[in-house]
2 protein chains.
Amino acid sequence: MNIGQAARLSGVSSKRIRHYESIGLLQPARRTGANYRSYSERDVHVLRFINRARELGFGIDPIRELLSLWSNRRRSSAAVRSLAARHLEDIDGRIAGLEEVAKTLRTLVKQCQGDDRPDCPILGALEHP
Amino acid sequence: MNIGQAARLSGVSSKRIRHYESIGLLQPARRTGANYRSYSERDVHVLRFINRARELGFGIDPIRELLSLWSNRRRSSAAVRSLAARHLEDIDGRIAGLEEVAKTLRTLVKQCQGDDRPDCPILGALEHP
DNA sequence: GATCCACCTTACCATCATGGGAGGGTCAAG
DNA sequence: CTTGACCCTCCCATGATGGTAAGGTGGATC
(Lines give C-alpha, C1' and ligand atoms only; values in the text may rest on other atoms or scores of the structure.)
Protein backbone atom coordinates (compact mmCIF):
# COMPACT_ATOMS: atom_id res chain seq x y z
CA MET A 1 0.00 0.00 0.00
CA ASN A 2 1.02 3.64 -0.50
CA ILE A 3 1.94 6.04 2.25
CA GLY A 4 -1.52 7.63 2.31
CA GLN A 5 -3.27 4.40 3.14
CA ALA A 6 -0.65 3.49 5.72
CA ALA A 7 -1.26 6.90 7.24
CA ARG A 8 -5.02 6.40 7.34
CA LEU A 9 -4.71 2.92 8.80
CA SER A 10 -2.14 3.85 11.42
CA GLY A 11 -3.19 7.34 12.43
CA VAL A 12 0.29 8.64 11.61
CA SER A 13 0.25 11.36 8.96
CA SER A 14 2.21 10.86 5.74
CA LYS A 15 4.31 13.79 6.77
CA ARG A 16 5.20 12.10 10.05
CA ILE A 17 5.92 8.78 8.40
CA ARG A 18 8.40 10.40 6.04
CA HIS A 19 9.89 12.29 8.96
CA TYR A 20 10.29 9.14 11.04
CA GLU A 21 12.01 7.50 8.14
CA SER A 22 14.33 10.46 7.65
CA ILE A 23 15.48 10.41 11.27
CA GLY A 24 15.96 6.67 11.25
CA LEU A 25 13.07 5.77 13.54
CA LEU A 26 11.73 3.66 10.70
CA GLN A 27 13.62 1.55 8.21
CA PRO A 28 13.55 3.15 4.76
CA ALA A 29 10.42 1.92 3.05
CA ARG A 30 10.57 -0.24 -0.04
CA ARG A 31 9.86 1.73 -3.20
CA THR A 32 7.74 1.04 -6.25
CA GLY A 33 8.99 1.66 -9.76
CA ALA A 34 7.61 5.17 -9.55
CA ASN A 35 9.61 5.74 -6.36
CA TYR A 36 6.50 5.57 -4.19
CA ARG A 37 6.99 4.23 -0.68
CA SER A 38 5.30 0.88 -0.19
CA TYR A 39 4.02 -0.41 3.14
CA SER A 40 2.85 -3.74 4.50
CA GLU A 41 0.38 -4.61 7.25
CA ARG A 42 3.38 -5.22 9.43
CA ASP A 43 4.62 -1.69 8.81
CA VAL A 44 1.22 -0.34 9.77
CA HIS A 45 1.45 -2.37 12.96
CA VAL A 46 4.74 -0.67 13.81
CA LEU A 47 3.31 2.74 12.96
CA ARG A 48 0.38 2.15 15.27
CA PHE A 49 2.79 1.19 18.03
CA ILE A 50 4.71 4.41 17.50
CA ASN A 51 1.54 6.42 17.41
CA ARG A 52 0.33 5.07 20.71
CA ALA A 53 3.69 5.69 22.30
CA ARG A 54 3.54 9.29 21.05
CA GLU A 55 0.02 9.63 22.45
CA LEU A 56 1.44 8.59 25.82
CA GLY A 57 3.93 11.40 25.46
CA PHE A 58 7.06 9.35 24.80
CA GLY A 59 9.67 11.26 22.84
CA ILE A 60 11.33 9.92 19.74
CA ASP A 61 14.44 8.57 21.46
CA PRO A 62 12.51 6.64 24.12
CA ILE A 63 10.40 5.26 21.29
CA ARG A 64 13.55 4.04 19.60
CA GLU A 65 14.27 2.06 22.76
CA LEU A 66 10.70 0.84 23.03
CA LEU A 67 10.82 -0.43 19.46
CA SER A 68 14.11 -2.13 20.14
CA LEU A 69 12.75 -3.79 23.26
CA TRP A 70 9.54 -4.71 21.50
CA SER A 71 11.42 -6.61 18.84
CA ASN A 72 13.83 -8.22 21.26
CA ARG A 73 12.54 -11.54 22.54
CA ARG A 74 15.17 -11.63 25.26
CA ARG A 75 14.21 -8.26 26.72
CA SER A 76 13.48 -7.93 30.41
CA SER A 77 10.18 -6.41 31.41
CA ALA A 78 12.25 -4.48 33.95
CA ALA A 79 13.88 -2.52 31.14
CA VAL A 80 10.52 -1.58 29.69
CA ARG A 81 9.14 -0.73 33.09
CA SER A 82 12.08 1.46 33.92
CA LEU A 83 11.68 3.38 30.68
CA ALA A 84 7.99 3.94 31.33
CA ALA A 85 8.57 4.81 34.98
CA ARG A 86 11.12 7.45 34.06
CA HIS A 87 8.70 8.92 31.58
CA LEU A 88 5.95 8.88 34.18
CA GLU A 89 8.15 10.78 36.60
CA ASP A 90 8.78 13.35 33.93
CA ILE A 91 5.05 13.74 33.34
CA ASP A 92 4.35 13.95 37.05
CA GLY A 93 6.96 16.66 37.35
CA ARG A 94 5.40 18.62 34.55
CA ILE A 95 1.98 18.25 36.14
CA ALA A 96 3.33 19.49 39.45
CA GLY A 97 4.82 22.55 37.79
CA LEU A 98 1.62 23.32 35.96
CA GLU A 99 -0.46 22.76 39.10
CA GLU A 100 1.61 25.33 40.91
CA VAL A 101 1.17 27.85 38.13
CA ALA A 102 -2.54 27.07 37.92
CA LYS A 103 -2.96 27.54 41.63
CA THR A 104 -1.36 30.97 41.55
CA LEU A 105 -3.36 32.00 38.51
CA ARG A 106 -6.61 30.74 39.98
CA THR A 107 -6.08 32.77 43.14
CA LEU A 108 -5.26 35.90 41.18
CA VAL A 109 -8.19 35.50 38.80
CA LYS A 110 -10.53 35.05 41.74
CA GLN A 111 -9.19 38.17 43.41
CA CYS A 112 -9.65 40.27 40.32
CA GLN A 113 -12.95 42.14 40.13
CA GLY A 114 -13.12 41.91 36.36
CA ASP A 115 -14.93 45.22 35.98
CA ASP A 116 -14.31 48.52 34.21
CA ARG A 117 -11.86 49.80 36.79
CA PRO A 118 -8.12 49.49 36.20
CA ASP A 119 -7.09 48.09 39.60
CA CYS A 120 -6.07 44.50 39.20
CA PRO A 121 -4.22 42.14 41.53
CA ILE A 122 -2.98 40.15 38.55
CA LEU A 123 -0.91 43.04 37.27
CA GLY A 124 0.02 43.81 40.86
CA ALA A 125 1.40 40.33 41.34
CA LEU A 126 3.39 40.54 38.11
CA GLU A 127 4.77 43.88 39.16
CA HIS A 128 5.67 43.02 42.75
CA PRO A 129 6.83 39.49 43.58
CA MET B 1 23.81 49.83 33.41
CA ASN B 2 24.93 47.24 30.89
CA ILE B 3 22.90 44.26 29.79
CA GLY B 4 24.68 41.88 32.17
CA GLN B 5 23.67 43.79 35.25
CA ALA B 6 20.13 44.24 33.98
CA ALA B 7 20.07 40.48 33.49
CA ARG B 8 21.31 39.80 37.02
CA LEU B 9 18.88 42.27 38.57
CA SER B 10 15.86 41.09 36.61
CA GLY B 11 16.44 37.37 36.34
CA VAL B 12 16.16 37.57 32.54
CA SER B 13 19.31 36.35 30.79
CA SER B 14 21.18 38.69 28.46
CA LYS B 15 20.30 36.32 25.68
CA ARG B 16 16.62 36.63 26.45
CA ILE B 17 16.79 40.42 26.75
CA ARG B 18 18.35 40.71 23.31
CA HIS B 19 15.80 38.25 21.97
CA TYR B 20 12.89 40.20 23.45
CA GLU B 21 14.25 43.33 21.86
CA SER B 22 14.66 41.64 18.51
CA ILE B 23 11.03 40.49 18.44
CA GLY B 24 9.74 43.86 19.56
CA LEU B 25 8.60 42.84 23.03
CA LEU B 26 10.98 45.49 24.34
CA GLN B 27 11.78 48.88 22.93
CA PRO B 28 15.29 48.94 21.45
CA ALA B 29 17.64 49.87 24.28
CA ARG B 30 19.64 53.07 24.25
CA ARG B 31 23.26 52.52 23.27
CA THR B 32 26.55 53.77 24.62
CA GLY B 33 29.28 55.10 22.38
CA ALA B 34 30.68 51.58 22.17
CA ASN B 35 27.29 50.32 21.01
CA TYR B 36 26.58 48.66 24.34
CA ARG B 37 22.92 48.47 25.37
CA SER B 38 22.16 50.68 28.36
CA TYR B 39 19.36 50.02 30.85
CA SER B 40 17.64 51.98 33.59
CA GLU B 41 15.95 50.86 36.80
CA ARG B 42 12.68 51.31 34.99
CA ASP B 43 13.81 48.87 32.29
CA VAL B 44 14.71 46.34 34.96
CA HIS B 45 11.24 46.79 36.41
CA VAL B 46 9.73 45.90 33.05
CA LEU B 47 12.05 42.93 32.67
CA ARG B 48 11.00 41.63 36.06
CA PHE B 49 7.37 41.95 35.04
CA ILE B 50 8.04 39.96 31.90
CA ASN B 51 9.97 37.35 33.83
CA ARG B 52 7.17 36.78 36.27
CA ALA B 53 4.66 36.52 33.47
CA ARG B 54 6.88 33.92 31.80
CA GLU B 55 7.13 32.03 35.07
CA LEU B 56 3.37 31.89 35.10
CA GLY B 57 3.53 30.33 31.67
CA PHE B 58 2.27 33.27 29.62
CA GLY B 59 3.49 33.21 26.04
CA ILE B 60 5.15 36.17 24.39
CA ASP B 61 2.04 37.47 22.65
CA PRO B 62 -0.09 37.44 25.81
CA ILE B 63 2.77 39.23 27.53
CA ARG B 64 2.64 41.90 24.86
CA GLU B 65 -0.98 42.45 25.82
CA LEU B 66 -0.19 42.36 29.53
CA LEU B 67 2.49 45.01 29.05
CA SER B 68 0.11 47.12 27.06
CA LEU B 69 -2.58 46.82 29.74
CA TRP B 70 -0.06 47.45 32.47
CA SER B 71 0.96 50.74 30.93
CA ASN B 72 -2.58 51.78 30.13
CA ARG B 73 -4.17 53.72 32.95
CA ARG B 74 -7.59 53.42 31.38
CA ARG B 75 -7.48 49.60 31.17
CA SER B 76 -10.34 47.56 32.61
CA SER B 77 -9.42 44.86 35.10
CA ALA B 78 -11.89 42.73 33.12
CA ALA B 79 -9.49 42.71 30.19
CA VAL B 80 -6.61 41.54 32.36
CA ARG B 81 -8.77 38.99 34.08
CA SER B 82 -9.99 37.60 30.79
CA LEU B 83 -6.44 37.22 29.53
CA ALA B 84 -5.39 35.40 32.67
CA ALA B 85 -8.54 33.29 32.72
CA ARG B 86 -7.94 32.14 29.16
CA HIS B 87 -4.40 31.23 30.04
CA LEU B 88 -5.60 29.37 33.11
CA GLU B 89 -8.00 27.37 30.98
CA ASP B 90 -5.15 26.49 28.70
CA ILE B 91 -3.04 25.31 31.63
CA ASP B 92 -5.94 23.35 33.07
CA GLY B 93 -6.43 21.68 29.72
CA ARG B 94 -2.79 20.71 29.56
CA ILE B 95 -2.93 19.36 33.09
CA ALA B 96 -5.99 17.29 32.21
CA GLY B 97 -4.23 15.83 29.20
CA LEU B 98 -1.14 14.99 31.19
CA GLU B 99 -3.22 13.53 34.02
CA GLU B 100 -4.85 11.19 31.57
CA VAL B 101 -1.53 10.07 30.20
CA ALA B 102 -0.12 9.73 33.72
CA LYS B 103 -3.08 7.65 34.79
CA THR B 104 -2.62 5.23 31.92
CA LEU B 105 1.12 5.02 32.47
CA ARG B 106 0.74 4.51 36.19
CA THR B 107 -1.64 1.62 35.65
CA LEU B 108 0.66 0.00 33.13
CA VAL B 109 3.76 0.45 35.24
CA LYS B 110 1.98 -1.09 38.20
CA GLN B 111 0.90 -4.06 36.12
CA CYS B 112 4.40 -4.72 34.85
CA GLN B 113 6.39 -7.21 36.88
CA GLY B 114 9.68 -5.53 36.18
CA ASP B 115 11.68 -8.72 36.26
CA ASP B 116 13.92 -10.62 33.87
CA ARG B 117 11.10 -12.08 31.85
CA PRO B 118 10.05 -10.44 28.59
CA ASP B 119 6.28 -10.35 29.14
CA CYS B 120 5.18 -6.77 29.67
CA PRO B 121 1.75 -5.19 29.64
CA ILE B 122 3.29 -1.87 28.66
CA LEU B 123 4.42 -3.19 25.31
CA GLY B 124 1.15 -5.05 25.07
CA ALA B 125 -0.82 -1.85 25.50
CA LEU B 126 1.27 -0.10 22.87
CA GLU B 127 0.76 -2.97 20.49
CA HIS B 128 -2.96 -3.47 20.99
CA PRO B 129 -5.10 -0.43 21.73
C1' DG C 1 51.79 51.12 27.38
C1' DA C 2 50.98 46.15 27.07
C1' DT C 3 48.37 42.48 28.70
C1' DC C 4 44.51 40.18 30.53
C1' DC C 5 39.90 39.09 31.82
C1' DA C 6 35.31 40.05 31.88
C1' DC C 7 32.17 41.98 29.35
C1' DC C 8 29.77 43.39 25.11
C1' DT C 9 28.36 42.92 19.94
C1' DT C 10 26.09 40.32 15.83
C1' DA C 11 25.04 36.12 13.51
C1' DC C 12 24.05 31.53 12.94
C1' DC C 13 22.69 26.82 14.48
C1' DA C 14 20.14 23.57 17.59
C1' DT C 15 16.32 22.19 20.12
C1' DC C 16 11.46 18.99 19.38
C1' DA C 17 8.04 17.13 16.46
C1' DT C 18 5.18 18.57 13.19
C1' DG C 19 2.71 21.21 9.58
C1' DG C 20 2.65 24.00 5.32
C1' DG C 21 3.73 24.89 0.85
C1' DA C 22 6.25 24.97 -3.63
C1' DG C 23 7.25 22.61 -7.71
C1' DG C 24 6.94 18.59 -10.07
C1' DG C 25 6.06 13.39 -11.20
C1' DT C 26 2.49 9.26 -11.37
C1' DC C 27 -1.71 6.74 -11.80
C1' DA C 28 -6.39 5.52 -12.84
C1' DA C 29 -10.83 6.84 -14.36
C1' DG C 30 -13.54 9.32 -17.53
C1' DC D 1 -5.83 13.24 -23.33
C1' DT D 2 -7.39 15.49 -19.38
C1' DT D 3 -8.50 15.63 -14.63
C1' DG D 4 -7.92 14.91 -9.88
C1' DA D 5 -5.97 12.44 -6.34
C1' DC D 6 -2.10 10.76 -5.16
C1' DC D 7 3.08 10.72 -4.50
C1' DC D 8 7.98 12.75 -4.45
C1' DT D 9 11.79 16.05 -2.43
C1' DC D 10 13.17 20.31 -0.45
C1' DC D 11 12.77 24.27 2.29
C1' DC D 12 10.64 27.13 5.85
C1' DA D 13 8.09 27.97 10.27
C1' DT D 14 6.77 27.04 14.82
C1' DG D 15 8.32 28.93 20.60
C1' DA D 16 11.53 30.37 23.50
C1' DT D 17 15.85 29.67 24.66
C1' DG D 18 20.74 28.13 24.79
C1' DG D 19 25.26 27.47 22.58
C1' DT D 20 28.98 29.05 20.14
C1' DA D 21 31.91 31.62 17.02
C1' DA D 22 34.43 35.68 15.91
C1' DG D 23 35.46 39.99 17.18
C1' DG D 24 35.22 44.78 19.76
C1' DT D 25 35.49 47.35 24.52
C1' DG D 26 36.59 48.61 29.36
C1' DG D 27 39.13 48.75 33.31
C1' DA D 28 42.56 46.71 36.28
C1' DT D 29 47.14 45.14 36.83
C1' DC D 30 52.03 44.59 35.57
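All chains are named by letter (A, B, ...) in the order of the sequence lines, taking the proteins before the strands, and each is independently numbered beginning at 1.
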*Using 30° and 60° as the class limits, which term best fits the ring planes of B:H45 and B:W70: parallel, tilted or perpendicular?*
tilted

*asked:* So that I can tick it off, tell me whether B:R106 and A:E89 are bridged by a salt bridge, with the cut-off set at under 4.0 angstrom between side-chain N and carboxylate O.
replied: no

*Bending between helix ends of the helix from C:dG1-D:dC30 to C:dG30-D:dC1 [5 pairs per end, 10° resolution]*: 30°

*What string of B, S and - do you get for nucleotides 1-14 of chain D, 5' to 3', when a contact is any protein heavy atom under 4.0 Å?*
-----BSSBB----

_When you measure from the side chain of A:D43 to the backbone of A:S40, do you find a donor-acceptor pair of N or O atoms at a distance under 3.5 Å?_
yes

*Check every strand shown and say whether A:F58 touches a base, only sugar-phosphate, or nothing at a heavy-atom separation below 4.0 Å.*
nothing

_Salt bridge or not between B:R117 and B:D115? Use side-chain N to carboxylate O under 4.0 Å._
yes

*chain B contact limits on DNA chain C, taken 5' to 3' with a cut-off of 4.0 angstrom to heavy atoms*: C:dC7 to C:dA11

*Could you tell me whether B:D90 and B:R86 have a side-chain N and a carboxylate O separated by less than 4.0 Å?*
no

*asked:* Quick check against the 3.5 Å criterion: does A:S38 have a side-chain atom that pairs as donor or acceptor with the backbone of A:T32?
replied: no

*Backbone N or O of A:L69 within a donor-acceptor pair of the A:R75 side chain at under 3.5 Å?*
yes

_Check: A:H128 side chain, A:L123 main-chain N or O, donor-acceptor pair, under 3.5 Å_ = no

*asked:* What's B:I23 touching, base or sugar-phosphate or nothing? Going by heavy atoms closer than 4.0 Å.
replied: nothing

*Under-4.0 Å salt bridge between B:E21 and B:R30*: no

*asked:* Mind checking if B:T32 touches a base, just sugar-phosphate, or nothing, with heavy atoms under 4.0 Å?
replied: nothing

*Indicate yes or no: does B:E127 engage A:R48 in a salt bridge with an N to O separation below 4.0 Å.*
no

